[in-house]
Amino acid sequence: MEIAEELAKGQRAISVTEFFEKNRHLLGFDNKQKALLTCVKEAVDNSLDACEELGHMQEKNKDKVTLPEITIDVKALSDNYQLLDEKQNIGQLIVRKNEFTVLYKGKSESKQIRAGKLTLSFEDVTFDISENNDKLTVLMNGKQLRLKKNAPIFLIKIVDNGPGILPSKIPDIFGRMLYGSKFQSMRQGRGQQGIGIHSAVLYSQLTTGKPAKIISKIKSGKKAKMMKVQINILKNEPEVMEESEEDYPYESGTSIELEIEGLYISGNKGLDEYVRRTALVNPHANFIYINPNGEKITYKRVVDALPKEPLSIKPHPEGLEIGIFMRILKNSTERTVSSVLEKELSRVSRAVAEQTLKSAGIDTKTKPQEIDRVQANSILKALQSLDLMRPQTDCLSPIGGEELEKSLKKEYSPEFVKSVTRKPEVYRGMPFQIEVAAAYGGGIQNDKAVLMRFANKIPLLFDSASCALTQSFLGVDYARYGLKVESKVPIGPLVFIIHIASVWVPYTNESKNSVASYPVIVKEIKLALQELVRTLSVFLNRKHKSSLFQERISLFDKYGIELAYSISKLTDIDEKKVKAKIEGLLEKKKEEVKANVEESLSKGDVISSKIESDTSSGEEE
């Protein structure tokens, strides 16, 4: 037998699910803390997108708009052990009150313990489990195994009041990776690849052996549909393990329950902080959060209107690559290549299409399927050499400056709050928009500025060092604006927010925690921050001058009585008259100093005289 034939026996195609089963770190499951947060995040993203889509449809139909209501309930369920012999990992034991579950070779068996003993049988092995004075003993085919305690098991439950899902679509939406409507859509949304919620279902299945429990109700249904769904990893296909009908707390909506192995901690990269920041940049939504400690926190909406609806746009020639362009030509239903350019690409008119084809030496009436790779490359190069209009920007839905400021005021009650929204820009033919905001004082307790990063209204808590948002933030020379700085970070009770909204956020990996450093993105962030910090500098200058003014007035107030007494003794003038005269002069001086402060602020004075107005010129520092 040929060696090639022998090697061919082991060659086969693998499904995308099988790939991510072995490479789940690419999706944000590289440690237990991130895994818990990622599962919650993916479910909340889906819920927010669905609720907003429902509201926008109601607006179009002139119906009463339903604003998002999201419940996030996370409970610690059970202990979790690794089963080991002398040489290898055998399986996993999950203990939930009196129920014991063993995961072995991708299969699971569960049973209630009675009289301190139980037996779980698989095809080739039997596990005997006993419990005595809280001490567990596990035998596999009569041989005792070692138990290594793992991270605990959590039950995650996310409930929304969105439009619900048709029962026939539930299995694919939660059990088939890369299935969804967002990947093909050229408009801003939280999801992009059609991987997110499927990866959470997959992670749940891998770590606890439990299927995802989905309950969904559409408006016309009397009852909600419940399905327990898992993924056939080899085929990337959904498997419905159980289904029934249940009640639902809203007229319509969807809930998902996942049992996963995770780690709950507080802090800037924990689950509590993720929920708080999500509420901060989604001011139109109500969030009810019950954390694993049983604490219930409600984040009430601060605005009663949905954000602007993002509209789908066509691909722009600037961002097209030859492979994608050839697929557009091949799959088009248009009769001529000229019609494809005009109707399926953004900012290409009939005149531009005809001019492009003429320069490429191609007949305008050629069928698109007849265009070969060389001709397609000539057409694309000709299009990209033209000075076309930028793509439409109505595909974007920013948070909004006023809404962002309201959120910050509600969260911190700051002395100062300001936001800056840049005009939309384009990278690789993809529209994007930058929003920044800052808050100072009030309830902010930190000694150094804290940066909060967001992409399409999603908090980015990890991989900050490699992120364009962090690099841009650290690239601004805050000392030029009179701010005290330590390790490139402003000192003081400050919070900065940077948000990028785009039809396609250029994440550095599939875990979606870091944004790639395209020069135009970095430039836009820096310009927005410069404008923002300039305004902050004016406020701090006023605060500084006001402080000096108060010190001077305090001195007069402190020594006014003694001064009146001394002058009275020296001049024989009645002390009350002297005191009244001093108080009159003091009030006059207060008004003079106040007028000087207001005049300096009206001129836009700042602490540093080196600052130049670079915002209008569009140049960096």
Side-chain angles (χ1 to χ4, degrees), residues 267-270 273 277 280-281 404 408 411-412 414-422 425 427 432 434-455 459-500 505-509 513-544 606-615 617-621:
N268 288 335
K269 293 184 179 181
E273 184 66 9
R277 293 189 184 188
L280 192 67
V281 294
L404 197 49
L408 287 168
E411 181 68 21
Y412 297 110
E415 300 173 48
F416 167 90
V417 63
K418 179 68 177 175
S419 66
V420 172
T421 301
R422 294 287 295 174
E425 268 291 345
Y427 83 94
F432 75 93
I434 297 298
E435 297 176 285
V436 298
Y440 177 93
I444 302 171
Q445 302 297 322
N446 42 283
D447 297 326
K448 290 177 68 175
V450 171
L451 171 63
M452 297 184 184
R453 302 173 295 128
F454 299 90
L460 310 179
L461 299 184
F462 299 93
D463 305 333
S464 61
S466 61
C467 182
L469 278 60
T470 304
Q471 293 165 2
S472 303
F473 175 74
L474 297 177
V476 174
D477 185 3
Y478 297 98
R480 290 183 64 201
Y481 299 85
L483 275 67
K484 294 181 180 179
V485 178
E486 183 180 301
S487 302
K488 299 183 180 181
V489 177
I491 296 174
L494 277 161
V495 167
F496 283 88
I497 285 176
I498 302 177
H499 175 237
I500 177 172
V505 177
Y507 293 114
T508 56
N509 54 48
N513 278 299
S514 177
V515 178
S517 296
Y518 283 88
V520 65
I521 293 177
V522 172
K523 176 182 176 182
E524 282 297 304
I525 296 172
K526 283 188 176 181
L527 290 175
L529 286 171
Q530 288 165 21
E531 183 179 345
L532 178 66
V533 175
R534 187 177 295 107
T535 310
L536 173 63
S537 180
V538 171
F539 163 77
L540 293 175
N541 188 36
R542 178 175 66 179
K543 186 178 176 68
H544 178 67
V606 289
I607 299 172
S608 173
S609 60
K610 298 179 182 179
I611 300 173
E612 299 175 358
S613 178
D614 51 15
T615 305
S617 65
E619 297 176 0
E620 296 185 68
E621 291 179 327

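Along the sequence shown, residues carry numbers from 1.
Shortest non-hydrogen contact noted between Lys488 and Leu474 is CD-O, 3.7 Å. Closest non-hydrogen pair, Ile444 versus Ala439, comes out as CD1-O, 3.4 Å. The two residues Glu415 and Gly441 make their nearest non-hydrogen contact at OE2-CA, 3.8 Å. Nearest heavy atom pair, residue Pro459 against residue Arg277, reads CG-CB, 3.9 Å. The two residues Pro490 and Leu483 come nearest to each other via the heavy atoms CB-CD2, 3.9 Å. Here the shortest heavy-atom pairing between Glu425 and Val520 reads OE1-CG2, 4.1 Å.
A donor-acceptor distance shorter than 3.5 angstrom exists from the side chain of Gln471 to the backbone of Ala465, with no hydrogens or angles considered. Between the side chain of Ser537 and the main chain of Tyr481, a donor-acceptor pair closer than 3.5 Å is present. Between the Ser419 side chain and the Leu404 main chain, no donor and acceptor come within less than 3.5 Å of each other. Using a distance-only test at 3.5 Å, with no hydrogens or angles considered, no donor-acceptor pair links the side chain of Asp447 to the main chain of Ile491. A donor-acceptor pair under 3.5 Å is absent between the side-chain atoms of Thr470 and the main chain of Ser466, judged by distance alone. Between the side chain of Ser514 and the backbone N or O of Thr508 there is no donor-acceptor pair closer than 3.5 Å. A donor-acceptor pair under 3.5 Å links the side-chain atoms of Arg453 to the main chain of Leu460, judged by distance alone.
With rounding to the nearest 0.5 angstrom, the CZ atom of Arg422 is 4.5 Å from the CG atom of Leu527. One distance of note links OG of Ser472 with CD1 of Ile434; it measures 8.0 Å at 0.5 Å rounding. With rounding to the nearest 0.5 angstrom, the OH atom of Tyr412 is 10.5 Å from the CD atom of Gln445. Summarising the geometry, atom NZ belonging to Lys526 is positioned 11.0 Å from atom CD1 belonging to Ile498; distances are rounded to the nearest 0.5 Å. Atom CG of Asn513 is separated from atom CZ of Phe462 by 6.5 Å, given to the nearest 0.5 angstrom. To the nearest 0.5 Å, atom CD1 of residue Ile497 and atom CE of residue Met452 are 6.0 Å apart.
Classification of the Tyr518-Tyr427 ring pair by plane angle, with boundaries at 30° and 60°, yields tilted.
Counting heavy atoms from C-beta outward, Tyr478 and Leu529 have side chains that approach closer than 4.5 Å. Under the 4.5 Å side-chain criterion, counting only non-hydrogen atoms from C-beta, Ile525 is not in contact with Phe473. Using a 4.5 Å heavy-atom cutoff, the side chains of Leu536 and Phe496 are in contact. Two residues are said to be in side-chain contact when any heavy atoms from C-beta on lie closer than 4.5 Å; Leu540 and Phe416 fail this criterion.
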When you look at Val505 and Phe432, which way does the side-chain contact (heavy atoms from CB on, under 4.5 Å) test go after all the steps?
CA-CA 8 Å; Val505 177; Phe432 75 93; over 6 Å; no
Candidate pair Phe539 and Lys418, rule side-chain contact (heavy atoms from CB on, under 4.5 Å), full reasoning
CA-CA 10 Å; Phe539 163 77; Lys418 179 68 177 175; over 6 Å; no
Between Leu280 and Glu411, does a side-chain contact (heavy atoms from CB on, under 4.5 Å) hold up when you go through it step by step?
CA-CA 8 Å; Leu280 192 67; Glu411 181 68 21; 4.0 Å; yes
